[in-house]
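Predicted model, so just to flag it, every value in this text is computed and none were measured. Excluded from the calculations below are hydrogen atoms, water molecules and symmetry mates; all remaining heavy atoms, backbone and side chain alike, are included.
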Amino acid sequence: MKKIIYSLFIGTLGLTSCSDFTDIKPKGSNLLQSVTDLEMLLNYEFQGIKATQQQLLCGDLYPQEMIPTVINRPNMTLTKIFTTWDESAHAKEQLDLTASDAHYTKFYEVIGKIANPVLLNIDKADGDDALRQQVKCEALVLRAYFHYLVVQKFAKAYDPAYASTTMAIPYLKETQDLLATIPQLTLEQVYTNILTDIDEAISLGGLTDEPVNQMRVGLPFAYAVKAMALMSMQRYDDAADAANASLALKSTISNYNDYVRDTPSPVMPSFVNQAIHRPFMDCEEDIFVTRDILGQMGISDEAWARFEDGHICRDRLFSGDMLIPGRKLGEAYFGMDINFSYDNDSKWNTFGLKTSQMRLILAECELLKGNIDNAMEQLDMIRINRIIPEKYVSLKGTVTSREEAVRHLKQTSHGENIYTYFNFVTRKRWNRMDDFKETLTRTVGDKTFTLSPESDMWIFPFPQNVISLNPSLQQNY
């Protein structure tokens with residue numbers, strides 16, 4: 001049996017081959033002999049992956065550390081680099097501090113241990129042909145999506161002006177030889193591979209409108225991934241078509257007002273607050289789910305101010321201010337007088353996709369065409385499900401200038417994505433757009449820091465353990 005790479009730059013996931021995943025005694029027989037066996041690989045629980053560093057880089061959230069102490073110590077840490085937006089430390093110390101990377105490992109694990117083993121074996125496996133097509137299509141979409149997540153973090157934002165000459169990441173296929181070096185592809189090549197996998201999955205016709213559960217791939221998710229990739233490529237009309245195709249199959253935006261309930265303080269049970277409890281695997285807007293809790297994260301003053309007044313994700317988030325009446329505990333938890341999440345119940349779908357993100361795509365595409373009313377209508381479809389009813393006012397028909405429309409789009413996008421990976425993804429993409437890019441600022445004590453849209457800090461370094469095993473892989477900044 002031909003040996004195959006299932007993990008990228010072996011060492012991150014271990015040296016593996018086709019036999020390691022599929023052979024069982026007697027030697028040479030294949031564990032994954034049937035379509036139903038291969039389908040079992042897709043029953044993977046996507047959980048425990050956080051986006052803390054990206055949320056900190058965006059100026060949104062702080063990890064539970066004494067932030068002023070961290071930034072005033074002489075020793076360099078990743079939290080210090082991301083909080084102070086230290087360009088020189090990013091160029092040198094961040095590389096030294098990145099021995100490994102959980103996202104790199106987890107994302108390529110899905111590609112190498114789930115998607116590619118399925119694609120390698122599915123055509124020759126015994127079983128029902130309809131299920132065969134479904135399983136193959138799911139694997140293709142998973143491979144495309146997790147490469148999409150990787151390229152957002154480790155490469156430049158896509159721009160047609162340089163995409164064909166700017167290096168990005170490798171794209172791991174099921175047929176690549178274990179002994180061969182996996183080439184680092186350009187941005188254009190990576191995105192072409194993503195779209196090729198998605199288009200094949202769609203054209204094969206094996207995906208269902210309703211997947212087995214929200215951690216399995218359905219047709220709405222395939223179109224959603226395509227829409228996200230096309231937005232990154234600045235192919236706005238095509239992105240809108242894909243977003244509409246996804247919404248034609250799954251369009252419900254969950255009303256977060258329905259998830260607000262009386263919530264006693266764990267410190268003082270008699271102190272009861274109105275707080276959101278976003279459910280897991282039962283939130284209808286989720287197209288594809290990864291499970292994570294927010295826990296205790298500091299919310300920067302700048303991020304707090306970016307929310308629309310009355311937004312449930314701010315004003316009904318169970319927070320430090322809801323623990324003890326009249327007591328602000330930010331100083332005790334973070335060394336700063338900021339509010340912070342104390343939400344160990346809600347599931348915010350950190351790396352998955354939601355129907356609301358398709359509406360954001362349509363709003364932006366309409367705005368870029370000058371259709372302000374249409375853009376605001378798309379935002380209203382989200383906002384009416386996010387704003388406390390007594391504070392909701394429709395935007396359609398009231399917004400007339402492009403500048404004001406961009407502000408509302410950014411505000412709605414912020415509230416929708418703050419507790420996920422996608423404020424990082426979206427703002428990084430906007431850095432290539434004159435009407436949308438901005439210099440971020442944050443203040444810690446008496447110190448103010450800035451991050452420009454041109455900064456290399458938007459590109460994360462490949463970890464040391466990957467570079468050591470594949471020296472040909474070059475950093476993208």
Indicate yes or no for a side-chain donor-acceptor contact from [X] to the backbone of [Y] under 3.5 Å, with no hydrogens or angles considered.
X	Y	value
K124	I122	no
Q189	T186	yes
Q176	K173	yes
Y421	L149	yes
D86	S88	yes
H147	V190	no
N244	A240	yes
T412	L409	no
K50	I293	yes
K428	W458	yes

Indicate yes or no: at least one non-hydrogen side-chain atom of [X] is less than 4.5 angstrom from one of [Y].
X	Y	answer
Q55	F424	no
F436	V406	yes
E364	K410	no
I299	D60	no
L142	F288	yes
R132	L38	no
L368	R402	yes
P117	L41	yes

Exercise for the section: Could you please spell out the steps behind the side chain to side chain donor-acceptor pair (under 3.5 Å) verdict for Y236 and D241? Expected result: CA-CA 9 Å; Y236 302 115; D241 288 343; over 6 Å; no

Would you name the heavy atoms of [X] and [Y] that are closest together and state the gap between them?
X	Y	value
N476	I459	O-CD1, 3.4 Å
L379	A363	CD2-CB, 3.7 Å
L317	Y419	CD2-OH, 3.3 Å
V141	A201	CG2-CB, 3.6 Å
A168	F462	O-CZ, 3.5 Å
K369	D237	CD-OD1, 4.2 Å

Is it true that the side chains of [X] and [Y] contain a donor and an acceptor less than 3.5 Å apart?
X	Y	answer
E87	S455	yes
N193	R143	no
S319	N339	yes
W348	D343	yes
T443	T448	yes
E416	S356	yes

Exercise for the section: Could you please spell out the steps behind the side-chain contact (heavy atoms from CB on, under 4.5 Å) verdict for E308 and H414? Expected result: CA-CA 9 Å; E308 183 173 355; H414 171 76; over 6 Å; no

Handout entry: Residues K437, D434; criterion salt bridge (Lys or Arg N to Asp or Glu O under 4.0 Å); working and verdict
Key = CA-CA 6 Å; K437 67 182 181 181; D434 289 340; 3.5 Å; yes

Practice task
For the pair R386 and E285, evaluate salt bridge (Lys or Arg N to Asp or Glu O under 4.0 Å) and give the outcome as yes or no after the intermediate values.
Solution key: CA-CA 13 Å; R386 300 294 189 259; E285 70 188 9; 2.8 Å; yes

Exercise for the section: Report the C-alpha separation of R432 and E454 in whole Å, then their side-chain angles, then the decisive distance to 0.1 Å, and conclude whether the salt bridge (Lys or Arg N to Asp or Glu O under 4.0 Å) test is met. Expected result: CA-CA 9 Å; R432 306 302 308 167; E454 294 78 26; over 6 Å; no

Exercise for the section: Check the pair S413, W430 against side-chain contact (heavy atoms from CB on, under 4.5 Å), reporting the backbone distance first and the verdict last. Expected result: CA-CA 12 Å; S413 180; W430 283 344; 3.9 Å; yes

Handout entry: Atom CD of E45: over 12 foreign heavy atoms under 6.0 Å
Key = yes

Handout entry: Atom CE of M40: over 12 foreign heavy atoms under 6.0 Å
Key = no

Counting only pairs under 3.5 Å, give me each side-chain donor-acceptor contact of residues 223-232, with atom names and distances, residues two or more places apart or in other chains.
| unit_1 | atom_1 | unit_2 | atom_2 | d |
| --- | --- | --- | --- | --- |
| K226 | NZ | D199 | OD1 | 2.8 |
| S232 | OG | M228 | O | 3.3 |

Quick check on the 6.0 Å ring-centre criterion: do [X] and [Y] meet it?
X	Y	answer
Y256	H311	no
Y104	F460	no
F82	H90	no

Working to the nearest 0.5 Å, report the span between [atom1] of [X] and [atom2] of [Y].
X	Y	atom1	atom2	result
L207	I202	CG	CD1	7.5 Å
E93	L78	CD	CG	10.5 Å
Q152	T426	CD	OG1	9.0 Å
L61	L294	CG	CG	6.5 Å
L185	M167	CG	CE	6.5 Å
L440	W85	CG	CH2	5.0 Å

Exercise for the section: Return the set of residues passing ring-ring contact (aromatic ring centres under 6.0 Å, His included) with F107 (not counting sequence neighbours), or none when no residue passes. Expected result: H103, F146, F351

Practice task
Before giving the answer on side-chain contact (heavy atoms from CB on, under 4.5 Å), spell out for L195 and M233 the whole-Å C-alpha distance, their side-chain angles and the decisive distance to 0.1 Å.
Solution key: CA-CA 11 Å; L195 292 179; M233 299 173 76; 3.7 Å; yes

Practice task
For the pair E174 and K136, find out whether any cationic side-chain nitrogen is under 4.0 Å from an anionic carboxylate oxygen.
Solution key: no

Handout entry: R359 vs I253, side-chain contact (heavy atoms from CB on, under 4.5 Å): CA-CA, chis, key distance, verdict
Key = CA-CA 9 Å; R359 293 292 176 195; I253 297 177; 3.8 Å; yes

Practice task
Could you check whether the rings of Y191 and Y148 sit parallel, tilted or perpendicular, using 30° and 60° as the cut-offs?
Solution key: perpendicular

Problem - Test side-chain contact (heavy atoms from CB on, under 4.5 Å) applied to T290 and N349, T420, L353, the passing residue - result: N349

Tell me which donor-acceptor pairs under 3.5 Å the side chains of residues 62-71 have, and how far apart each pair is, sequence neighbours excluded?
| unit_1 | atom_1 | unit_2 | atom_2 | d |
| --- | --- | --- | --- | --- |
| Y62 | OH | R442 | NE | 3.4 |
| E65 | OE2 | T79 | OG1 | 2.8 |

